[in-house]
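Quick notes on the structure that follows.
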Amino acid sequence: MRSPAPPAIALVGLLGMLVGEQMVPVAKRLIDGVPITRVWFASECQSKITGVQQDANDPAADDARRG
């Protein structure tokens with residue numbers, strides 16, 4: 001069975017789905033008036049988009065989760 005989309009197009013679509021899932025936490029923070037920092041994004045969103053887990057011993061990750 002032949003794929004309806006070339007592999008590159010399919011991968012771009014999957015990346016779009018991963019990024020789109022992270023728009024909900026970002027929107028919630030914006031609505032609550034909480035700033036979106038690079039540390040927060042790296043600890044909360046980046047690992048879900050890339051699939052790479054962050055080091056559990058990183059103190060910056062703990063600070064970002066608290067707010």
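Residue numbers start at 1 and run along the sequence shown.
With sequence neighbours left out, I36 forms a side chain to side chain contact (heavy atoms under 4.5 Å, CB included) with V26, R29, L30, W40.
V19 and I9 fall into different hydrophobic clusters, where Ile, Leu, Val, Met, Phe, Trp and Tyr side chains are chained together by heavy-atom contacts under 4.5 Å. Cluster membership for M17 and L11, using ILVMFWY side-chain heavy atoms within less than 4.5 angstrom, is shared.
Side-chain contacts under 4.5 Å among hydrophobic residues (ILVMFWY), followed directly or transitively, place I31 with no other residue at all.
E44 and Q22 make their closest contact through O-OE1, 3.9 Å (heavy atoms, listed as atom of the first residue, atom of the second, distance).
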